[in-house]
Number of protein chains: 2
Amino acid sequence: MPDPTPDPHRDVRPTLEAVAARAGVSRATASRVVNGGAGVRQPLVDQVRKAVEELGYIPNHAARTLVTRRNGAVAVIIDEPEFRVFSDPFFSRQIRGISRELNAHDAQLVLLLVEGSGDFDRVTRYLAGGHVDGVLAFSLHTDDELPAIIRRFRVPTVYGGRPQHAARGQDDPELPYVDCDNRGGAREAVRHLVSLGRRCVAHIAGPRDQVSALDRIDGYRDVLPDAAEELVVDGDFTTEGGARAMTELLDARPDVDAVFVSNDLMASGALRVLRERGVRVPEDVAVVGFDDMASVAEATEPPLTTVRQDVEGMGRLMVRLLMERLNSGTGAWPDSVITPTELVRRASA
Amino acid sequence: MPDPTPDPHRDVRPTLEAVAARAGVSRATASRVVNGGAGVRQPLVDQVRKAVEELGYIPNHAARTLVTRRNGAVAVIIDEPEFRVFSDPFFSRQIRGISRELNAHDAQLVLLLVEGSGDFDRVTRYLAGGHVDGVLAFSLHTDDELPAIIRRFRVPTVYGGRPQHAARGQDDPELPYVDCDNRGGAREAVRHLVSLGRRCVAHIAGPRDQVSALDRIDGYRDVLPDAAEELVVDGDFTTEGGARAMTELLDARPDVDAVFVSNDLMASGALRVLRERGVRVPEDVAVVGFDDMASVAEATEPPLTTVRQDVEGMGRLMVRLLMERLNSGTGAWPDSVITPTELVRRASA
DNA sequence: CCGCTTGTTGGTCCCGTGTGTGACACGGTG
DNA sequence: CACCGTGTCACACACGGGACCAACAAGCGG
């Protein structure tokens, strides 16, 4: 049953003017109290606070934004036309980290999913409209238009994952990013396999248009510069793609005794194929994945040895860098950060 | 290399005033043109449009919101303290549908992740602050405070999934929801197992504080009202939980010859246990899941027969209902919608 | 006692748009 | 020729709140 005596104040939201009137001060003073209370005597501060409480005053966001030119919102742009994102817990975890850290900064998260070039107009209009103070972008593809748009409109941005231009060796200080040490993590994984005495270590790679996949290939080659071409097989970061790549690999090189797989999903597909073919893991073939996605790596048979990256922490870090940039009056850009990885040993290697 | 002769207009965003001046009309006329151009002669419309183009004018969102009291944004509130959300593609897919439909309506998506009671204050402030025109809420738990808050502030809302109070039989027209036919889908799954000649059909249920899990139990009981208590085993919607439940079930009732599992993740865990115990699927035990999450159901061994729900379509539908409500001057509430399910037959049953 | 400094406070303007209210021109009608 | 309805347009106000600036009081040193 609805409230029988509805409060008339409920529908008409009180304004700062009303608070000031009730507290018996001017609107300017009320405003000062609401924004921290600096330069106002304690008794008046208390009066205003009381009036705010009694009236249930909540500042009008639009009015405040209009004058401060700040709106306390950050856009998260994910450019991922493939279906993969939505079956990959990676983004969800990163967004969780981002959400938590944004909450700590009293900022809101506006989610922009980009699918196809047509959407870029929309994003452009949105950014140009000044709806958000900054952007957290996930630029996954090498042919991405996003960096150009962001540069053009000078929107403070932090990237998740090393953007392509940086991968070309042209680190742009105006496009800071947060990424895990893909190359170093890959090196550690391959070294681990080598240290187990494996002689023929293969690599199932991710899609070549993703920087993280390329970096992991580089890490593999750092340790095994002389590995045969055919030992590196392309995959697409999906379970099925991993299974196909493993099949291809076994057919081409029956002597393979270890595989470093570029992510956990593909590794789970690879494990399935190995099991179907009666190949023992890790006795005959040792397998190491990448990501340490709990729902996958702990559920495989056998449980997957893999390279952990702290996805949620990376999300939080992105927010911190962006806030640093927004709150530094100087407009100085923060440095990019590469977070460490850690080899998690389970049963598969 | 940055533009050598940076456009001075770039940093100072043009205002409607500037557009009007350039077009030689008053600001009021320029405003009318920008908002559709009704009641303005064609030649003037063209002049203003040209000025907008030349200046690269983009309306100031905050100023517009201040006067129209509409801000073209919708909050998506997900109250899920458990880690599960983030390893479950369910939400991602629904959000994808929501995002697409919001784009079609030129509205933005503000993501609010709620974790724990402390966060409700934040959400309350946010909703009361009038940051969004409406809310899409996923109320998963029976002890949810969200409906009360939303009712209190009279924010137009559409629920994803039948809220608890509706499950108690008190359908509140002011809290419309979109849900799939959990009970009907469960019935179809169980009937299918019965039609295969199975005599001892068990059910691995989801957590009892989630309405969808309860509805699926009801569907199971609709078909098998006399099933023994011990044939219904509790799970938690995770792969591991499914494995535990299956183990428990096999120990208690070795004669079981079919299982309807409340979601695909648990079904994949159950299949793993069956395989480990050397139980053949579907010969010895037939298995049906729920959700038809492609990444899971197609990847299990054997591929999973399951009940499909159109998650993305449900997301889109939620947005349509909300927009209907927002755009109807009458403030009338749309009706709740229950979308159909479909049994997808693969190899497991 | 006077002038100056420091600390508070209120008045006022401005942020950028939407919209109601008139004014004006035009053409048709009596 | 006077009157009036219709279509266009400009003016001005309002939306809610931040920030500058002048006014004022109190305190202090000379």
Side-chain angles (χ1 to χ4, degrees), chain A residues 9 11-49 51-52 55-72 106 125 128-133 329, chain B residues 9 11-49 51-52 55-73 106 125-126 128-133 329:
Chain A
H9 296 294
D11 279 16
V12 192
R13 285 187 31 213
T15 150
L16 192 58
E17 187 81 46
V19 172
R22 187 178 187 100
V25 301
S26 77
R27 217 186 52 215
T29 300
S31 171
R32 281 188 274 261
V33 172
V34 169
N35 295 313
V40 180
R41 274 179 310 154
Q42 195 56 43
L44 284 194
V45 170
D46 295 340
Q47 283 176 44
V48 174
R49 293 251 162 84
V52 165
L55 265 45
Y57 169 75
I58 294 175
N60 181 302
H61 184 67
R64 185 175 265 177
T65 298
L66 184 58
V67 48
T68 61
R69 284 140 190 288
R70 276 277 214 127
N71 43 28
D106 258 314
R125 275 206 317 280
H131 294 63
V132 292
D133 296 331
Chain B
H9 296 293
D11 280 15
V12 193
R13 281 179 41 206
T15 150
L16 192 57
E17 187 81 46
V19 173
R22 187 177 188 101
V25 300
S26 80
R27 220 188 49 217
T29 301
S31 170
R32 293 194 185 95
V33 173
V34 169
N35 295 315
V40 181
R41 277 177 307 155
Q42 194 55 45
L44 284 194
V45 170
D46 295 339
Q47 284 176 42
V48 174
R49 293 251 161 83
V52 165
L55 265 44
Y57 169 74
I58 294 174
N60 181 302
H61 183 68
R64 184 175 268 180
T65 297
L66 184 56
V67 48
T68 60
R69 283 139 190 289
R70 275 273 222 144
N71 43 28
D106 258 315
R125 275 206 316 279
Y126 190 72
H131 294 63
V132 291
D133 296 331

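Just so you know, these numbers use all the heavy atoms, side chains as well, and skip hydrogens, waters and symmetry mates. Keep in mind that this is a model prediction, so the values were computed, not measured. Within every chain, numbering begins at 1; the chains are lettered A, B, ... in the order of the sequence lines, protein sequences first and strands thereafter.
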Practice prompt. Could you identify which residues of residues 39-49 of chain A place a heavy atom less than 4.0 Å from some atom of DNA chain C, listed by residue number, or say none?
Written response: A:G39, A:V40, A:R41, A:L44

Could you pull out all residues at least two apart from [X] that satisfy side chain to side chain contact (heavy atoms under 4.5 Å, CB included)?
X	result
A:A23	A:V25, A:Q47, A:V48, A:A51
A:A128	A:F153, B:I58
B:D46	B:Q42

Salt bridge (Lys or Arg N to Asp or Glu O under 4.0 Å) with [X]: which residues, sequence neighbours excluded?
X	answer
B:R41	none
B:R70	B:D133
A:R22	A:E54
A:R125	B:D106

Worksheet item: How large an angle, rounded to 10°, do the end axes of the helix from C:dC1-D:dG30 to C:dG30-D:dC1 enclose when each is built from five base pairs?
Response: 60°

Worksheet item: Listed by chain and number, what are the ring pair (Phe, Tyr, Trp, His ring centres under 6.0 Å) partners of A:H61, not counting sequence neighbours?
Response: B:H131

Worksheet item: Sub-3.5 Å donor-acceptor pair from the side chain of B:N71 to the main-chain atoms of B:G130, do we have one?
Response: yes

Fill in: From OG (B:S26) to CD (B:E17), nearest 0.5 Å
9.5 Å

Item to complete: Answer whether the closest heavy-atom distance between the side chains of B:R64 and B:N35 falls below 4.5 Å.
Response: yes

Worksheet item: So, do A:L44 and A:V33 sit near enough that their side-chain heavy atoms are less than 4.5 Å apart?
Response: no

Fill in: Contact state string [nucleotides 13-21 of chain D, B base, S sugar-phosphate only, - no protein heavy atom under 4.0 Å]
B-BBBBB--

Discussion item. Distance under 4.0 Å to a non-hydrogen atom of chain A counts as contact; along DNA chain C, which nucleotides mark the start and end?
Written reply: C:dT8 to C:dG16

